[in-house]
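Below is one structure, written out as structure tokens; comments come after it.
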Amino acid sequence: NKEVLWLPHHIGPDDYFCLLDADDEYTSTFFEDMLTFIEENQLDIAACGSDFIRAEDNELIGGRILSRDLILQGDKFALYFPVYHQFMRTIWGKIFKGKTLIRTIIDPTSPKMPQVYGNDTFFTTYAFRDAKRVGVLAKSLHRYYMSPKSNSYLFNPERSKCDRILRKAAMDFLKPYGPVSQKNMDFLNAVHANATKDTLVVILSTKMPVLEKMKWTKELLSDESVMILFDSVSSAVMEVVTQIRKKILNWLSVQKDCGTIEGAEISADIICLLFPKYDAFGYISSLRNKRPDF
């Protein structure tokens with residue numbers, strides 16, 4: 001997503017800015033429909049729906065669209081956050097007024113910015129922060145072609161850090177509207193849980209030795225922000241946590257490396273992290289003290 005980091009310096013506050021990935025496309029009426037939507041509703045940013053296409057066979061496999069138009073202003077940015085957040089995750093499928101981009105961080109070397117993936121979400125969150133009125137058009141005018149070669153499907157040790165940065169950016173975005181509601185907090189935790197699950201899928205499917213996958217799985221679960229998710233009482237978060245537990249346990253159950261000393265030790269640590277409410281850590285430690293070879 002390196003194109004996200006580029007922004008023409010000559011864009012004025014009332015100019016329009018729009019991007020499209022090289023392998024995606026907008027419909028022939030995208031600009032006409034979106035500019036009309038902007039003018040009729042006095043918008044700073046307009047977003048539209050998207051069709052998700054499998055690149056290998058051009059098959060429609062999903063979509064992102066609202067049942068009716070949504071106009072955001074003032075406290076509605078907090079009230080409807082779980083509804084429109086999905087449209088704030090990507091830079092494509094939108095038209096921005098230049099004034100919303102003046103303070104966006106576009107320096108790829110900035111420690112505040114995700115380095116591996118999610119820089120478009122970070123960029124758009126900042127743009128939404130500086131918009132007075134945002135609209136989501138209930139039309140699908142964008143076609144996104146999904147490919148397994150995307151950065152979203154590649155493992156990088158910095159991936160979890162990116163999830164933490166994006167979560168903080170979302171929290172900062174909501175702060176001007178008062179204390180973050182429990183509804184929005186539960187939603188953000190669910191988003192983080194799903195991101196964690198996606199990272200886990202990437203770890204387990206990448207080409208590396210099993211013990212390395214186990215070590216990175218342990219590293220993922222050891223992250224403080226991820227550990228908090230396993231204590232959540234939100235039904236949406238608990239559902240994803242259950243999926244994470246099941247996927248890891250099923251994977252571990254068929255790995256021969258778990259029968260080695262190192263593999264068994266890492267597996268035990270992983271299980272302790274999966275079930276933090278049980279005194280598994282104390283139990284494992286006591287066994288290690290009694291049996292040095294454990």
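Only this structure's heavy atoms are used, side chains among them; waters, hydrogens and symmetry mates stay out. Nothing fancy with the numbering, it's 1 onward along the sequence.
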If only atom types and distance count, is the side chain of Thr100 paired as donor or acceptor with the main-chain N or O of Lys97 below 3.5 Å? yes
Partner of Tyr84 under ring-ring contact (aromatic ring centres under 6.0 Å, His included), chosen from Tyr80, Phe87, Phe81: Phe81
Would you confirm whether the ring centroid of His142 sits within less than 6.0 angstrom of the ring centroid of Phe30? no
Drop me the distance from Met238's CE to Arg245's CZ, to the nearest 0.5 angstrom. 8.0 Å
Quick one: are Ser267 and Met214 in side-chain contact, heavy atoms under 4.5 Å? yes
Assess the side chains of Gln42 and Arg133: does a donor N or O sit below 3.5 Å from an acceptor N or O? no
For Leu252, which of Ile270, Leu274, Ile266 qualifies under side chain to side chain contact (heavy atoms under 4.5 Å, CB included)? Ile270
Interatomic spacing from CZ in Arg68 to CG in Leu66 - rounded to 0.5 Å: 10.0 Å
Closest heavy-atom pair, Pro114 versus Asn119, reported as atoms and distance to 0.1 Å, is O-CB, 4.0 Å
Output yes when a side-chain donor or acceptor of Thr206 lies under 3.5 Å from a complementary backbone atom of Ile203, and no otherwise. no
Return the CZ to SG distance between Phe122 and Cys162, rounded to the nearest 0.5 Å. 10.5 Å
Stepwise side-chain contact (heavy atoms from CB on, under 4.5 Å) check, Phe77 with Tyr177: CA-CA 8 Å; Phe77 279 104; Tyr177 305 104; 3.4 Å; yes
Between Ser140 and Ile65 the two heavy atoms that sit nearest each other are N-CD1, 3.6 Å
For Ile38 and Ala46, which heavy atoms make the closest approach, and how far apart are they? CG1-CB, 3.5 Å
Within this structure, what is the CD-CG distance for the pair Glu40 and Leu35, rounded to the nearest 0.5 Å? 11.0 Å
Go through the steps to decide whether Leu221 and Ile248 satisfy the test side-chain contact (heavy atoms from CB on, under 4.5 Å), and finish with yes or no. CA-CA 11 Å; Leu221 298 175; Ile248 292 177; 3.9 Å; yes
If you round to the nearest 0.5 Å, how far is OG1 of Thr29 from CE of Met34? 10.5 Å
Backbone of Asn250 reached by a side-chain donor or acceptor of Ser253 within 3.5 Å: yes
Would you mind reporting whether Ile165 and Lys161 have side-chain heavy atoms less than 4.5 Å apart? yes
For the residue pair Phe37 and Leu137, establish whether any side-chain heavy-atom pair is separated by less than 4.5 Å. yes
side-chain contact (heavy atoms from CB on, under 4.5 Å), that's the test. Do Trp92 and Cys18 meet it? Break it down for me. CA-CA 7 Å; Trp92 34 255; Cys18 179; over 6 Å; no
Looking at Val210 and Gln255, what are the two nearest heavy atoms and their distance? CG2-OE1, 3.4 Å
Between Leu174 and Val136, is there shared hydrophobic-cluster membership here, with clusters defined by ILVMFWY side-chain heavy atoms closer than 4.5 Å? yes
Arg54 to Glu59 - nearest heavy-atom pair and separation: NH2-OE1, 2.6 Å
Closest heavy-atom contact between Leu101 and Ala127? CD2-CB, 3.9 Å
For Asp130 and Lys99, run salt bridge (Lys or Arg N to Asp or Glu O under 4.0 Å): C-alpha distance rounded to whole Å, both residues' side-chain angles, the deciding distance at 0.1 Å, then the answer. CA-CA 8 Å; Asp130 292 333; Lys99 62 183 178 181; over 6 Å; no
Report yes if the side chains of His192 and Leu229 come closer than 4.5 Å at any heavy-atom pair, otherwise no. yes
Single-linkage hydrophobic cluster, 4.5 Å side-chain cutoff, Leu249 and Val201 together: no
Residue pair Leu200 / Trp251, side-chain heavy-atom distance below 4.5 Å: no
Taking the cut-offs as 6.0 angstrom to the six-membered ring centre and 45 degrees off its axis, would you call Arg64 and Phe52 a cation-pi pair? no
Salt-bridge contact Lys168-Asp172 (side-chain N to carboxylate O under 4.0 Å): yes
Thr90 side chain to Lys94 side chain, donor-acceptor N/O pair below 3.5 angstrom: yes
Could you check whether Tyr126 and Phe123 have their ring centres less than 6.0 Å apart? no
Is it true that Arg143 and Asp24 have a side-chain N and a carboxylate O under 4.0 angstrom from each other? no
Using the rule that Ile, Leu, Val, Met, Phe, Trp and Tyr join whenever any side-chain heavy atoms are under 4.5 Å apart, tell me whether Val83 and Val191 fall into a single cluster. yes
Evaluate the side-chain contact (heavy atoms from CB on, under 4.5 Å) criterion for residues Tyr144 and Asp51: first the C-alpha distance (whole Å), next the side-chain angles of each, then the deciding distance (0.1 Å), finally the verdict. CA-CA 6 Å; Tyr144 177 75; Asp51 290 336; over 6 Å; no
Is the closest side-chain heavy-atom distance between Phe17 and Ile95 below 4.5 Å? no
Determine whether Lys139 and Asp69 make a side-chain contact, defined as any pair of heavy atoms from C-beta on separated by less than 4.5 Å. no
Tell me the side chain to side chain donor-acceptor pair (under 3.5 Å) pairs involving residues 214-233, sequence neighbours left out? Arg164-Asp223, Lys215-Glu262, Lys218-Asp269, Asp223-Ser225
Under 6.0 Å from the NZ atom of Lys197, do we count more than 12 heavy atoms belonging to anything else shown? yes
Rounded to the nearest 0.5 Å, what separation is found between the OH atom of Tyr117 and the CG atom of Asp198? 7.0 Å
In terms of hydrophobic clustering (I, L, V, M, F, W, Y; side-chain heavy atoms under 4.5 Å; direct or indirect links), are Val237 and Ile228 co-clustered? no
Are Val240 and Val202 connected in the hydrophobic side-chain network, where two residues link if heavy atoms are under 4.5 Å apart? yes
Other than Ile53, what residues sit in its cluster of Ile, Leu, Val, Met, Phe, Trp and Tyr side chains whose heavy atoms are under 4.5 Å apart, directly or through others? Leu60, Tyr145
Report yes if the side chains of Thr125 and Met88 come closer than 4.5 Å at any heavy-atom pair, otherwise no. yes
Heavy atoms of other groups near Met208 CE, more than 12 under 6.0 Å: yes
